[in-house]
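Just below is one structure, and these are the notes that go with it.
Values below: all heavy atoms of this structure, side chains included; hydrogens, waters and symmetry mates excluded. Proteins get letters first, then strands, A, B, ... in listed order; numbering begins at 1 in each.
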Amino acid sequence: MLDQRLLRDNPELIVEQLGRRGMTLNLTALQLIARQERDLEQQRSDLQAEGNRIGRQVGELIRGGAAPHSPEVQALRDRGNTIKQQVAVLEEEEKSLETRLREQLLAFPNLPSPHCPDGAGEAENVERRRWGIPRMPVAGEPALEEHWQIAERLGLIDSERSVRIAQSRFVTLLGAGARLERALISFMLDQHASRGYREMLPPILVNSASLTASGQLPKFAEESFSCADDDLWLTPTAEVPITSFHRDEILAAEQLPLKYAAYTPCFRREAGSYGRDTRGLIRLHQFNKVELYWFCHPDESEAAHAQLTADAEAVLQALELPYRVLDLCTGDLGFSAARTFDLEVWLPGAGTYREISSCSTCGDFQARRASIRFKDGKKTRLLHTLNGSGLAVGRTMAALLETGQQADGSVRLPQALVPYMGCDRLLPEA
RNA sequence: GGAGAGGUGGCCGAGUGGUCGAAGGCGCAGCACUGGAAAUGCUGUAUAGGGGCAACUCUAUCGAGGGUUCGAAUCCCUCCCUCUCCGCCA
């Protein structure tokens with residue numbers, strides 16, 4: 001959420017910065033609401049102050065021996081009642097203005113960071129670096145398979161029966177496939193723990209307040225599955241429960257940064273993606289993800305962003321998966337993010353880079369929505385939040401299958417996974 | 001699911017209609033004492049919003065929302081949550 005004070009003091013900055021995202025705004029109406037709301041508050045609190053004075057006077061008179069229904073006391077009572085009615089009217093107006101103001105402020109995305117490259121969309125994202133040598137098809141050898149072909153051939157996933165259990169875009173992992181998924185989750189969590197992250201296993205049903213705090217509500221309700229009877233939703237990312245883990249807290253400066261690594265299943269409707277990535281592990285309604293999350297001091301969030309991204313990259317490097325890093329342009333930036341580095345892993349079978357992690361700094365945007373602050377000396381300030389996948393597990397498996405595929409039909413696994421899998425190769429089931 | 005108890009500041013805990021944003025204690029910070037520390041003493045120590053250059057001041061907040069009253073932490077209603085016992089259950 002944007003700062004109300006910014007709306008009041010420097011609305012041009014909002015118009016200019018959201019303009020970088022391609023939005024055209026006119027804030028005059030909203031500013032008017034903000035101003036009216038403040039005037040009403042002033043009037044109301046003045047009236048309440050008078051009411052409080054009258055209340056005290058009545059108390060003093062009665063304790064001083066005045067009859068509770070003497071004309072003197074009665075006059076004060078009448079005045080008190082009048083004030084009460086006036087306050088009620090003002091309060092109602094004030095509340096409706098406040099609600100409108102908040103609704104609109106909640107619908108604005110974050111301001112992009114000054115470092116975020118300008119651009120209209122995906123095509124203008126800026127590649128920052130590459131790691132590893134992408135595997136390419138070799139002339140004379142059989143074509144490289146896509147991960148879903150390998151997975152089906154090796155009996156690692158069953159998509160068709162999953163439709164019977166749920167619907168399309170759900171998969172069931174089997175045998176070595178299920179084991180590999182579990183191994184990857186353990187491997188990622190262990191690696192992050194060794195780099196200073198505290199492991200967390202949060203609830204994956206979250207309430208509306210939690211989705212609002214991290215920015216998925218009110219604008220993106222159609223992206224999440226809901227259990228409407230209970231005001232609970234299936235979390236679309238661990239970012240949601242982790243943000244709200246510290247909602248409404250004031251942390252000590254010495255506690256910062258707080259770094260969490262959480263494994264959760266994630267649930268997304270994937271509305272509007274009909275027909276895209278329909279096979280395999282790339283785009284599912286339910287997928288596993290290990291999420292990295294920092295709560296940090298505002299002065300340190302830029303360095304934290306680099307570190308968090310490096311921590312996610314370290315997983316890819318340990319798994320020997322070539323990737324590139326994109327600096328998302330303003331037009332491709334997510335709602336809550338001020339700046340985002342996407343990690344895209346190379347998929348040799350598909351012959352393309354695919355997003356496998358999105359590492360964002362949100363500045364104080366989520367902290368303001370969630371009211372998460374820290375003590376900076378005597379002052380209480382909003383802290384900064386950052387999140388990134390470390391990594392999306394299904395997509396990691398897809399990359400491993402495509403990268404490790406061998407001419408004999410088996411899949412070679414990276415050394416780092418051997419302790420977790422108990423083997424260095426996936427073989428066709430006998 | 002049934003029965004009962006309860007939700008007060010960073011924590012414990014008092015407070016059943018009036019000057020209570022809230023006693024007391026713990027914790028924390030500053031100062032004094034000390035060679036230094038402990039102990040002790042003094043002072044300070046919630047959040048949000050409005051006004052003011054500032055000192056400061058006004059309003060709201062005692063789980064949430066509503067009601068009664070001139071006045072509510074205190075009385076009434078609804079909801080949420082926690083705890084104890086019973087039942088059920090991985």
message: Going by purine N1 to pyrimidine N3 plus the second Watson-Crick contact, or the G-U wobble pair, all under 3.5 Å, which nucleotide sits opposite B/rC62?
response: none
task: Hunt down the Watson-Crick or G-U wobble partner of B/rC20, both distances under 3.5 Å, from any strand shown, or write none.
output: none
query: Taking NZ, NE, NH1 and NH2 as the nitrogens, is one of them in A/Arg44 or A/Glu94 under 4.0 Å from a carboxylate oxygen of the other?
result: yes
- request: Round to the nearest Å and state the distance from A/Gln86 atom CD to B/rC70 atom P.
  value: 15 Å
query: Going by heavy atoms in the side chains, are A/Leu47 and A/Gln43 under 4.5 Å from each other?
result: no
- request: Any strand is fair game: report the nucleotide pairing with B/rA14 by Watson-Crick or G-U wobble, both distances under 3.5 Å, or none.
  value: none
query: Is B/rA39 paired to anything, Watson-Crick or G-U wobble with both distances less than 3.5 Å, and if yes, which nucleotide?
result: none
query: How many Å lie between CG on A/Leu47 and P on B/rC70, as a whole number?
result: 17 Å
message: I'd like to know whether the aromatic ring centres of A/Tyr260 and A/Phe245 sit less than 6.0 Å apart in this structure.
response: yes
query: Checking all strands, does A/Gln57 fall into the base, sugar-phosphate, or nothing category for heavy-atom contacts under 4.0 angstrom?
result: nothing
field: Span that lies between the C1' atom of B/rG6 and that of B/rG13, in whole angstrom
entry: 14 Å
- prompt: Distance between the C1' atoms of B/rC89 and B/rC11, in whole angstroms?
  reply: 35 Å
query: A/Glu402 and A/Gln405: which non-hydrogen atoms are nearest, and at how many Å?
result: O-NE2, 2.9 Å
field: Spacing between A/Asp78 atom CG and B/rG71 atom P, to the nearest angstrom
entry: 12 Å
- request: Nearest whole angstrom, please: distance from the P of B/rG65 to the CD of A/Glu92.
  value: 16 Å
field: Note: A/Arg279-A/Glu146 ion pair, threshold 4.0 Å (strictly below)
entry: no
field: Whole-angstrom distance between B/rG27 and B/rG65, as gauged at atom P
entry: 34 Å
- line: Under a 3.5 Å limit on both distances, the Watson-Crick or wobble mate of B/rU69 is none
message: Tell me the interatomic distance from A/Asn207, atom CG, to B/rA64, atom P, rounded to whole angstroms.
response: 17 Å
message: From CD1 of A/Ile62 over to P of B/rU69, roughly how many Å is that when rounded to an integer?
response: 15 Å
query: Does A/Lys95 put a side-chain nitrogen or oxygen below 4.0 Å from OP1 or OP2 of B/rG66?
result: yes
message: I'd like to compare against my own output: the B/S/- annotation of nucleotides 45-61 of chain B with a strict under-4.0 Å heavy-atom distance to protein.
response: --SSBSS------SSS-
- request: For A/Ala34, check side-chain contact (heavy atoms from CB on, under 4.5 Å) against everything at least two apart and list the hits.
  value: A/Leu7, A/Leu101
- prompt: For B/rC88, what is the paired nucleotide under Watson-Crick or G-U wobble rules, both distances under 3.5 Å?
  reply: none
- request: Using the P atoms only, state how far B/rA64 lies from B/rA72, rounded to an integer number of Å.
  value: 15 Å
field: Whole-Å distance separating the CG atom of A/Asp231 from the P atom of B/rC79
entry: 17 Å
- request: May I ask you to decide whether A/Arg79 forms a salt bridge with A/Glu50, counting only side-chain N to carboxylate O separations under 4.0 Å?
  value: yes
message: Under a 3.5 Å distance rule, please check whether A/Asn288 uses its side chain to pair with a backbone N or O of A/Val290 as donor and acceptor.
response: no
query: B/rU45 pairs with which nucleotide, Watson-Crick or G-U wobble, both distances below 3.5 Å?
result: B/rG27
P atoms of B/rA48 and B/rC81, separation to the nearest Å: 27 Å
task: Find which nucleotide of RNA chain B each of A/Gly80 and A/Glu60 is nearest to by heavy atoms, and output the residue with the more 5' nucleotide.
output: A/Glu60
query: Which whole number of Å gives the distance between the P atom of B/rC42 and that of B/rG51?
result: 40 Å
- request: Using the C1' atom on both, measure B/rA22 against B/rA54 and round to a whole Å.
  value: 29 Å
- request: Identify the nucleotide, in any strand shown, that forms a Watson-Crick or G-U wobble pair with B/rA5, with both distances under 3.5 Å; if there is none, say none.
  value: B/rU82
- prompt: Taking the C1' atom of each, how far is B/rA60 from B/rA5, in whole Å?
  reply: 31 Å
From A/Asp248, A/Asp364, A/Ile250, A/Leu251, residue fulfilling side-chain contact (heavy atoms from CB on, under 4.5 Å) relative to A/Arg373: A/Ile250
